[in-house]
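Convention: sequence-line order gives letters A, B, ...; per-chain numbering from 1. FYI, side chains are in, hydrogens and waters are out, and symmetry mates aren't considered; it's all heavy atoms of this structure.
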2 protein chains.
Amino acid sequence: MATIQEVAKKAGVSAATVSRVLNNRNSVKEKTRMRVDQAIRELNYEPSVLGRNLRNSESRLLLVLIPSISNPFYTEIINGIEDTAIGKGYNILLCETDSNPKREAIYFNMVRNRLADGIILMDPTVNRKNLHDLACKHPIIQCSEFDENGTISYVTIDNELAAYQAVKHLIKIGKKKVALINSDEKFLYARERRSGYEKAMKEFGLPIESKWIRSVEQLGFESGQQAMRSLLNEADMPNAVFAVSDVLAIGALKEINSIGLKVPEDIAIIGFDKISFSNMTHPTLTTIAQPMYKMGCISATMIIDKIRGNDVESLILDHELIIREST
Amino acid sequence: MATIQEVAKKAGVSAATVSRVLNNRNSVKEKTRMRVDQAIRELNYEPSVLGRNLRNSESRLLLVLIPSISNPFYTEIINGIEDTAIGKGYNILLCETDSNPKREAIYFNMVRNRLADGIILMDPTVNRKNLHDLACKHPIIQCSEFDENGTISYVTIDNELAAYQAVKHLIKIGKKKVALINSDEKFLYARERRSGYEKAMKEFGLPIESKWIRSVEQLGFESGQQAMRSLLNEADMPNAVFAVSDVLAIGALKEINSIGLKVPEDIAIIGFDKISFSNMTHPTLTTIAQPMYKMGCISATMIIDKIRGNDVESLILDHELIIREST
DNA sequence: ATGAAAGCGCTAACAA
DNA sequence: TTGTTAGCGCTTTCAT
């Protein structure tokens with residue numbers, strides 16, 4: 001790569017003038033500008049982000065931290081983020097953290113080092129102190145997950161209400177023995193959705209039985225299958241399942257199908273997220289739709305606003321119950 | 001963030017000595033090292049990647065370019081890349097390009113600017129010149145896709161052979177009317193798999209009928225459904241389908257199920273990739289397994305080798321036919 | 001309108 | 001063993 005010096009030399013001006021041309025300062029004579037532009041083209045010059053950042057502290061790069069890329073839930077959000085960010089002149093770097101504080105720290109430091117201008121965080125809060133230390137000095141917003149007691153702006157949905165409505169729907173179609181397949185409760189959404197589940201059960205005078213509640217560590221189909229297998233082994237089997245993620249619900253569905261029970265007649269099932277695969281199963285899956293693309297767009301808008309020094313308000317978006325064949 | 005100067009001041013040494021401590025140079029007295037470490041901790045100091053890169057031209061960051069994160073095919077590869085790279089002290093930045101040359105160019109420039117040390121490219125070759133210009137001066141390797149006429153090292157599988165075996169398997173179970181649901185032929189793998197399909201058909205004296213060949217633009221379930229719907233509308237319907245991706249095969253399967261035909265009795269179907277979903281469908285999907293995790297590990301090893309200045313050889317890995325219920 | 005010079009944070013060469 | 005100095009590529013005063 002050519003440097004600004006070489007361009008300057010070729011154009012017969014100083015580096016300062018080249019810099020002015022690059023940054024569209026208007027104090028450059030048209031003729032000089034032309035010569036510089038010419039030299040830039042001839043040398044195929046690209047300004048070094050490194051040198052520029054070191055001076056300016058701006059990279060126009062955004063970090064998006066997700067626990068795992070294999071969860072289809074994140075893909076739509078990321079599409080929203082990308083479309084919006086690119087439209088505003090920012091680029092996206094996706095960072096998979098595995099919810100590992102060490103890996104998270106590395107990416108946090110990229111912002112401290114001005115390698116990136118801000119972070120959209122979708123991880124659960126693993127290290128509050130580290131997170132808030134960063135948030136004090138650098139732009140960060142949370143998407144989907146957030147820290148209940150913190151001051152960091154976020155965009156999310158009302159998980160408790162959504163879960164409540166899901167379970168209520170199962171009860172309304174006549175199912176009284178509703179099981180819950182939950183995620184790891186390190187996730188706020190998992191705690192909130194359990195709470196919604198309990199609220200609905202209580203409201204209809206149904207008992208909250210720990211024998212009908214499972215918590216999984218991994219968010220894969222296999223986890224859903226395993227959880228369901230274990231539920232089916234209970235002497236007193238549930239006749240409905242609320243799974244906090246479509247992926248889990250699909251695994252559960254597979255397990256129910258494979259032992260010959262009918263969905264929804266024997267066991268009804270409802271998922272969460274409305275991932276595209278949820279419409280490919282047999283029967284198709286009832287689920288809660290989150291406005292994922294919109295969440296992504298809003299996250300991007302929020303973080304860029306914050307980078308520009310504006311205040312941003314947290315937002316809670318609407319969800320929707322999508323009734324399909326599995327209930 | 002504290003700077004190296006502040007640490008030096010606090011420890012009562014020069015910046016150079018701090019730098020030596022940071023980089024584990026052994027020419028530092030134990031006592032001095034302790035004082036410096038102490039100061040680093042007290043100030044919560046983190047070295048600036050920016051300053052370091054500018055000096056060293058090393059970032060220990062790897063760029064992974066993929067067309068789309070929503071394709072589960074890439075997730076296992078990325079897991080392999082991450083595990084290997086992190087083990088060797090490198091971090092990963094995921095870049096979604098949409099196969100858009102402009103977005104690709106932005107990420108290419110990050111390497112030119114030394115913001116990242118190298119690129120693992122999974123995109124199809126959209127701009128050969130740009131790609132080879134970059135490859136001349138910077139470490140890059142290709143994974144899965146590669147440029148047939150280029151000099152860039154790659155790791156992939158024998159797509160033509162795999163497709164040939166898939167189609168042969170369909171023919172062997174008595175299906176003579178084999179349809180092909182292919183991807184956009186801008187992808188090399190799509191061209192190779194079509195070629196394998198044709199080879200198998202020819203070998204068994206079967207006609208290659210364009211009415212049984214579909215090409216989709218998007219790699220979603222819906223594309224598979226649409227392609228299948230269109231195939232089912234043919235007066236002379238196929239009795240087997242080879243889809244070049246599990247995602248497409250799953251969409252096709254859904255479509256066949258939904259009009260009441262039986263798989264595999266009426267129509268057999270085989271996919272490609274062995275994504276985790278492919279085992280959740282009803283019936284489960286016969287598919288070709290690629291060693292995706294291994295491909296990721298090898299890609300990472302190759303690019304790091306290349307960064308270190310070593311020569312690396314291209315590699316073609318083995319695949320495997322996984323026979324399940326859909327055939 | 002333009003150039004010279006300083007400095008962002010860091011490391012390597014050289015000196016002591 | 002440690003410090004001094006120069007310089008990576010860029011932008012921004014301050015002069016001219």
Has B:S48 got a side-chain N or O lying under 4.0 Å from the OP1 or OP2 atom of C:dC10? no
Applying side-chain contact (heavy atoms from CB on, under 4.5 Å) to A:Y189 and A:T156, what does each step give before you reach the verdict? CA-CA 10 Å; A:Y189 80 81; A:T156 188; over 6 Å; no
Atom CD of B:Q5 to atom C1' of C:dC8: distance rounded to whole Å? 11 Å
Measure from the side chain of A:L22, starting at C-beta and using heavy atoms only, and say which of D:dT11, C:dT2, C:dG9 lies closest. D:dT11
In terms of side-chain heavy atoms of A:S27, which of C:dA1, D:dG9, D:dG3 is nearest? C:dA1
B:I4 CD1 to D:dT4 C1', in whole Å, measures 14 Å
Nearest-angstrom distance from the residue atom CD1 of B:I40 to P of C:dG9: 16 Å
Side-chain N or O of A:R25 less than 4.0 angstrom from OP1 or OP2 on D:dT12? yes
What is the distance, to the nearest angstrom, from the CG atom on B:N53 to the C1' atom on D:dC10? 15 Å
Tell me whether the count of non-hydrogen atoms from other residues, nucleotides or ligands lying under 6.0 Å of NZ in B:K9 goes above 12. no
Sugar-phosphate, base or nothing in reach of B:V18, heavy atoms under 4.0 Å: nothing
From D:dT11, C:dG3, C:dA12, nucleotide with atom closest to B:A16 side chain: C:dA12
Would you indicate which nucleotide in D:dG3, C:dC10, C:dA12 comes nearest to any side-chain atom of B:R20? D:dG3
The residue among B:L315, B:V312, B:I77 that forms side-chain contact (heavy atoms from CB on, under 4.5 Å) with B:V155 is B:L315
Judged by each residue's nearest nucleotide on DNA chain D, which is more toward the 5′ side, B:G12 or B:G51? B:G12
Just how far, in rounded Å, is P of D:dG9 from CD of A:E6? 8 Å
May I have the distance from B:L50 (atom CG) to C:dT11 (atom P), rounded to whole angstrom? 12 Å
Whole-Å gap separating P (C:dA1) and CG (A:N26): 8 Å
Looking at D:dT2, D:dC10, C:dG3, which one has an atom nearest to any side-chain atom of A:P47? D:dC10
Minimum heavy-atom separation for A:Y74 and A:S68, please, with both atom names. CD1-O, 3.4 Å
Closest to the B:S19 side chain: D:dT2, D:dT4, C:dT11? C:dT11
With respect to the side chain of A:N23, which nucleotide from C:dT2, D:dT11, D:dG3 is positioned closest? D:dT11
If only side-chain N and O atoms of B:R52 are considered, is one of them under 4.0 Å from the OP1 or OP2 phosphate oxygen of C:dT11? yes
side-chain contact (heavy atoms from CB on, under 4.5 Å) partner of B:L63, chosen from B:I119, B:I140, B:L115: B:I119
Which nucleotide, D:dT2, D:dG9, C:dA1, lies nearest any side-chain atom of B:T32? D:dT2
Distance in angstrom units between B:K9 NZ and D:dG3 P, rounded: 15 Å
What I'd like to find out is whether the side chain of B:M110 reaches to under 4.5 Å of the side chain of B:L61, using heavy atoms alone. no
